[in-house]
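Notes for the one structure printed next.
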Amino acid sequence: MNLFLEISSGICLLVGCFLCFSGGIGILRFPDFYTRMHAVSITDTLGAGLVLLGLMLQSPDGLVLIKLILILLFTLFINPSASHALAKAALHNGLLPREDKGANKGGDKPSKL
Amino acid sequence: MNDDKSTLEERAKYLPSHTISLSVTLSLFWWINSNYGNLLLLSLGASSILLVIYIAYRMNVIDHESQPIHLSIKIPGYLLWLTKEIVLANISVVKHIWLGNSSISPTLETIDASQHTDLGKVIYANSITLTPGTVTVDLVDDRMTIHALIKENIDTLRVGEMDRRVTELEK
Amino acid sequence: MLAAATIAILVVMLLAITRCIVGPTLYDRILAFNMFGTKTVLLISVLGFLMGRPEFLDIALVYALINFISVIGVLRFSDSAEFKVTPYERQSTKEGEE
């Protein structure tokens with residue numbers, strides 16, 4: 001049973017880290033602010049969720065488990081509000097998103113780095 | 001919050017159960033974070049909780065919006081469904097990150113929300129933002145401005161599965 | 001496994017800070033900063049387990065809240081002139097890759 005917990009926690013950590021890494025690549029690769037926001041939202045939902053789940057499976061006692069659940073809940077409640085506030089401020093201050101045509105014109109070169 | 005609409009009776013009707021739920025939540029939160037059993041510290045914790053409840057009462061924020069206990073029966077099912085949606089959306093967005101910029105088609109569109117209460121609209125908007133690939137940029141009355149990574153995401157939202165579930169939730 | 005997770009999260013934080021430095025508009029920088037903060041929360045939690053000291057979770061909890069408040073606090077000033085996207089910047093984000 002203990003071995004099973006170890007293995008499943010390892011898998012969760014691995015997949016979570018892969019998702020976070022994909023989000024990190026996405027924030028560098030995507031063409032404009034609004035699309036980058038989607039990349040960040042991956043790392044905030046399932047990336048953070050799986051890493052914390054992996055830690056939950058290893059937690060030595062109940063209190064640590066509850067604290068991890070609290071951190072996960074805060075992450076899930078806070079991040080949509082933050083990204084919504086950011087997107088609203090950006091749109092109201094005149095940052096226009098690239099529409100579909102622009103994306104085709106731009107090709108698949110990585111955004112300027 | 002419509003302050004002028006909510007009369008005094010309405011506020012009184014909401015008050016007791018919401019105050020109890022707020023104090024239970026605060027006590028649990030205090031105990032989880034401190035984990036003390038000592039009498040002095042417990043009484044200090046209780047007094048701080050009472051202070052917070054008094055401030056919240058003065059600010060007039062103890063109502064069905066800050067403590068949505070009338071949803072507590074239906075919300076676990078919705079959260080399970082939302083988790084499934086989030087996992088599916090994550091897989092799709094990760095695929096598009098590795099496929100590169102030519103595979104995405106960012107769109108900014110306005111869709112209608114069919115919820116009646118402010119709480120329902122906020123739940124709907126936050127669920128859309130929580131799902132990777134779609135972000136609620138603006139919410140005016142019944143119309144939401146959504147930015148989507150792929151055009152198909154907007155079409156999925158227009159079909160209205162999530163909209164229907166949130167509307168069912170608030171009944 | 002925990003050590004590998006720590007390194008992976010550090011790499012992701014490096015990517016986020018790259019975007020924070022490069023980012024053409026102010027909003028890209030705030031977004032990258034927010035992501036950096038969330039990754040810090042994860043890093044603190046994983047480090048707590050790696051060092052066998054779960055007390056670190058309290059710090060992670062507080063960091064998550066402070067991170068949110070700082071982002072909202074910065075956006076509080078979004079009416080000021082620095083937040084307006086100038087036509088030059090708008091052009092550079094739209095046609096930066098031509």
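Being a predicted model, the structure only gives us computed values, none of them experimental. Labels below follow one simple rule: chain letters A, B, ... track the order of the sequence lines, proteins then strands, and each chain is numbered from 1.
- Of all heavy-atom pairs spanning A/S41 and B/G133, the tightest one is OG-N, 4.4 Å.
- With 3.5 Å as the limit, one finds a donor-acceptor pair spanning the side chains of A/H92 and B/D138.
- Between B/T136 and A/K88 the shortest side-chain heavy-atom distance does not fall below 4.5 Å.
- Taking NZ of A/K67 as the reference point, atom CD1 of B/I32 lies at 9.0 Å (rounded to 0.5 Å).
- Proximity of A/F30 to B/L149: side-chain heavy atoms (C-beta onward) are separated by under 4.5 Å at one or more points.
- Counting heavy atoms from C-beta outward, A/P31 and B/I104 have side chains that approach closer than 4.5 Å.
- Ring orientation note: the planes of B/W98 and A/F18 are close to parallel, at an angle under 30° on the 30°/60° scale.
- Of the two parts of B/T134, only the backbone, made up of N, CA, C and O, holds a non-hydrogen atom closer than 4.5 Å to a non-hydrogen atom of chain A.
- B/V135 has its side chain within reach of A/H38: a pair of non-hydrogen atoms, C-beta onward, lies under 4.5 Å apart.
- Note: A/T35 OG1 to B/H147 NE2 = 6.5 Å, rounded to the nearest 0.5 Å.
- Heavy-atom proximity under 4.5 angstrom to chain B picks out A/T45, A/L46 from residues 45-54 of chain A.
- Here the CD1-CD1 distance, from B/I97 to A/I42, works out to 4.0 Å after rounding to the nearest 0.5 Å.
- For B/N38, the CG atom sits in a packed shell: over 12 heavy atoms of surrounding residues, nucleotides or ligands are nearer than 6.0 Å.
- Annotation for B/I73: atom CD1 does not count as buried by contact number, only 12 or fewer foreign heavy atoms lying within 6.0 Å.
- One distance of note links NE2 of A/H84 with CG of B/L130; it measures 14.0 Å at 0.5 Å rounding.
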Original post:
After noting the C-alpha distance and the side-chain angles of B/W31 and A/L63, does the key distance pass the side-chain contact (heavy atoms from CB on, under 4.5 Å) rule?
Top reply: CA-CA 10 Å; B/W31 190 79; A/L63 207 65; 4.1 Å; yes
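- With a threshold of 4.5 angstrom between heavy atoms, A/L19 approaches chain B through side-chain atoms but not through N, CA, C or O.
- Using a 4.5 Å cut-off between heavy atoms, B/A89 makes no contact with chain A at all.
- For the options A/S83, A/G23, A/S22, heavy-atom pairs under 4.5 Å to chain B are most numerous at A/S22.
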Subject >> Stepwise side-chain contact (heavy atoms from CB on, under 4.5 Å) check, B/L108 with A/L91 >> reply: CA-CA 11 Å; B/L108 189 72; A/L91 193 72; 4.2 Å; yes
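- Atom NZ of B/K95 has 12 or fewer heavy atoms from other residues, nucleotides or ligands within 6.0 Å.
- Residues B/N126 and A/S81 share a closest heavy-atom pair of OD1-N, 4.5 Å.
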